[in-house]
There are 2 protein chains.
Amino acid sequence: MNTTKPKQERSRLSKNKILESAIEIFAQKGPAGTRVDEIEAKAGVNKQRIYAYFGSKDNLYRQVLLKVYAQATENEKLLKLSEKNIPEMTKTIINSFFEFHQQNPLFWRLLAWENLNGGKSLSDDDWKTIESNYIEHLRELYKTGQEKGLFDKKILFSTYLISIFAITFFYYSNQLTISNLLSLDMEKTDFQSRFINEVQRLFVRATQ
Amino acid sequence: MNTTKPKQERSRLSKNKILESAIEIFAQKGPAGTRVDEIEAKAGVNKQRIYAYFGSKDNLYRQVLLKVYAQATENEKLLKLSEKNIPEMTKTIINSFFEFHQQNPLFWRLLAWENLNGGKSLSDDDWKTIESNYIEHLRELYKTGQEKGLFDKKILFSTYLISIFAITFFYYSNQLTISNLLSLDMEKTDFQSRFINEVQRLFVRATQ
DNA sequence: GGAAAAAACAACTAAATATTTGCATTTTAT
DNA sequence: ATAAAATGCAAATATTTAGTTGTTTTTTCC
């Protein structure tokens, strides 16, 4: 694999096209199901380029995860929240997560593949480079909220956050099976917005 | 593939050993990652038997899903709930789901693979054979609870149930990535029992 | 315009893997 | 005990697929 700095802008573009195509295909088919030839076709480059820039299919997958995780751990809107927003912060978080999944429909898939893979695709060092900008900020706000009596003191921040993660993630990740099981259409925006509202209501009442 | 009734009990046993082994390996590696040779080795039968009894790897996977889904949609404890149990039913459901995942650690994996696969492994007819015994029962109880003023009338049963499904499923399915992200050990029974308690508290307060 | 870099083309290698086949052996039901 | 059924054994086939290689063409930048 070529690790030296590229001398031409063009190579950066090709590398990027490969990575973008890889994100889509890995998300769709998973690491085991993905064919390098398919990435080649989608990226419109020669297979040789993939090996020149990424070395192996495994490393390409790793780069895909690093890129997508990095995107997911940024969140302008949540970072902007301040003490005065504590009363409505639960609603804001829930909205923000639903919105994120809507705008990044591949995210839950990549995360799901990775959990199934036992997380072996990323090293400990890789994980260290993935640091969430917003989580510690929310933790502080939650703590302040608890001190002010706005949040239930008996519910840990981690319980609170994991639960919201869970519901927003699951709504997309298990839509197919749940729709079948409960005979309803979770894709409908009607259903979805009602669901979001009720989840907000549920959490607001539960934690205050 | 041989579809006629077996003439000897032995064949039923072999078929079962294959299916049980297949459940574990498909859950672990997923449909694309599973090797027929590995099932052969684990079941301790000849590969020929797999093709004789199941025809193809794809159909074997289908049979795995049908069996596991059928197991999951039975729940004695929840079916036994009656009107007088409505006040504590939320706690019972949450406990029951956590317990199920603990006792069936492969379940979330098979479900996750299947959602990622777009559910294409099962036909509509297959889905018709999978009917949940307990869901309609819970729906009735929830409705009665709402009428009696024990549950929030503004929260749909589907929202309530999906949310509980979500949290219990996610706790296991995303344990790895969340533990890394929030720097905590979700496998510890201490953490887990505290989490369960707080989720119960959260839902009880939220819905009543 | 020309050298260096980037990329395409196209065929190839090597390994993995689903599926098949023919035959020998063991087990079971009657 | 014996024929039928079930299974084991072992090799073969055919396909898929990650990764490679040598050569030619195109693009970029000075």
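As the structure is a computational prediction, the values presented were derived from the model and not from experiment. A, B, ... follow the sequence lines: proteins, then strands. Residue 1 opens every chain.
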Colleague: Over how many whole Å does the gap from Asn16(A) atom CG to dA6(C) atom P extend?
Modeller: 15 Å
Colleague: If you look at every strand shown and take non-hydrogen atoms under 4.0 Å, does Gly44(B) touch a base, only sugar-phosphate, or nothing?
Modeller: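 Gly44(B): backbone/sugar contact only, no base atoms under 4.0 Å.
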Colleague: Does a side-chain N or O from Arg10(A) land closer than 4.0 Å to OP1 or OP2 of dT27(D), or not?
Modeller: no
Colleague: Quickly work out the Ile39(A) CD1 to dT17(D) C1' distance and round it to whole Å.
Modeller: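 So the two atoms are 13 Å apart, to the nearest Å.
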Colleague: Using heavy-atom distances to pick each residue's nearest nucleotide on DNA chain D, tell me which of Lys15(B) and Gly33(A) is more 5'.
Modeller: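 Residue closer to the 5' terminus by nearest nucleotide: Lys15(B).
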Colleague: Nearest whole angstrom, please: distance from the C1' of dA5(C) to the CZ of Arg49(A).
Modeller: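 Those two atoms, CZ and C1', are 9 Å apart.
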Colleague: Cut-off 3.5 Å, side chains only: do Asn75(B) and Ser96(B) have a donor facing an acceptor?
Modeller: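 Yes, Ser96(B) and Asn75(B) have a side-chain donor paired with an acceptor closer than 3.5 Å.
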Colleague: Starting at CD of Glu38(A) and ending at P of dT16(D), how long is that distance when rounded to a whole Å?
Modeller: 14 Å
Colleague: Just by protein heavy atoms under 4.0 Å, how would nucleotides 9-15 of chain D read 5' to 3' in B, S and -?
Modeller: B------
Colleague: Between dG19(D) atom C1' and Asn59(A) atom CG, what is the distance in whole Å?
Modeller: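 To the nearest whole Å, that distance equals 14 Å.
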Colleague: Please tell me if Arg35(A) has a side-chain N or O lying less than 4.0 Å from either OP1 or OP2 of dA18(D).
Modeller: yes
Colleague: Show me the donor-acceptor pairs, under 3.5 Å and distance only, between side chains in residues 158-169 of chain B and residues at least two apart or in other chains.
Modeller:
residue   : atom : partner   : partner atom : Å
Thr159(B) : OG1  : Glu198(A) : OE1          : 2.6
Tyr160(B) : OH   : Thr90(B)  : OG1          : 2.8
Ser163(B) : OG   : Thr159(B) : O            : 2.7
Thr168(B) : OG1  : Ile164(B) : O            : 2.8
Thr168(B) : OG1  : Phe165(B) : O            : 3.0

Colleague: Looking at residues at least two apart in the chain, or sitting in another chain, which of them share a salt bridge (Lys or Arg N to Asp or Glu O under 4.0 Å) with Lys120(B)?
Modeller: none
Colleague: Is Lys188(B) close enough and on-axis enough to Phe195(B), meaning under 6.0 Å and within 45°, for cation-pi?
Modeller: no
Colleague: From CZ of Arg12(B) over to P of dA5(D), roughly how many Å is that when rounded to an integer?
Modeller: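 Between P of dA5(D) and CZ of Arg12(B): 19 Å.
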Colleague: What's the shortest heavy-atom distance between Ala27(B) and Arg109(B), and which atoms?
Modeller: O-NE, 2.7 Å
Colleague: Between P on dG19(D) and NZ on Lys57(A), what's the gap in Å once rounded to a whole number?
Modeller: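 Rounded to whole Å, this separation is 8 Å.
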Colleague: With a distance cut-off below 6.0 Å to the six-membered ring centre and an angular limit of 45° from the axis, does Lys77(B) pair with Tyr134(B) as a cation-pi contact?
Modeller: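 Verdict for Tyr134(B): no cation-pi partner in Lys77(B).
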Colleague: For Leu13(B) and dA5(D), what is the distance between atoms CG and P respectively, to the nearest whole Å?
Modeller: 18 Å
Colleague: Looking only at heavy atoms, what is the nearest atom pair of Phe107(A) and Ala72(A), with distance?
Modeller: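 Closest approach of Phe107(A) to Ala72(A), heavy atoms only: CE1-CB, 3.4 Å.
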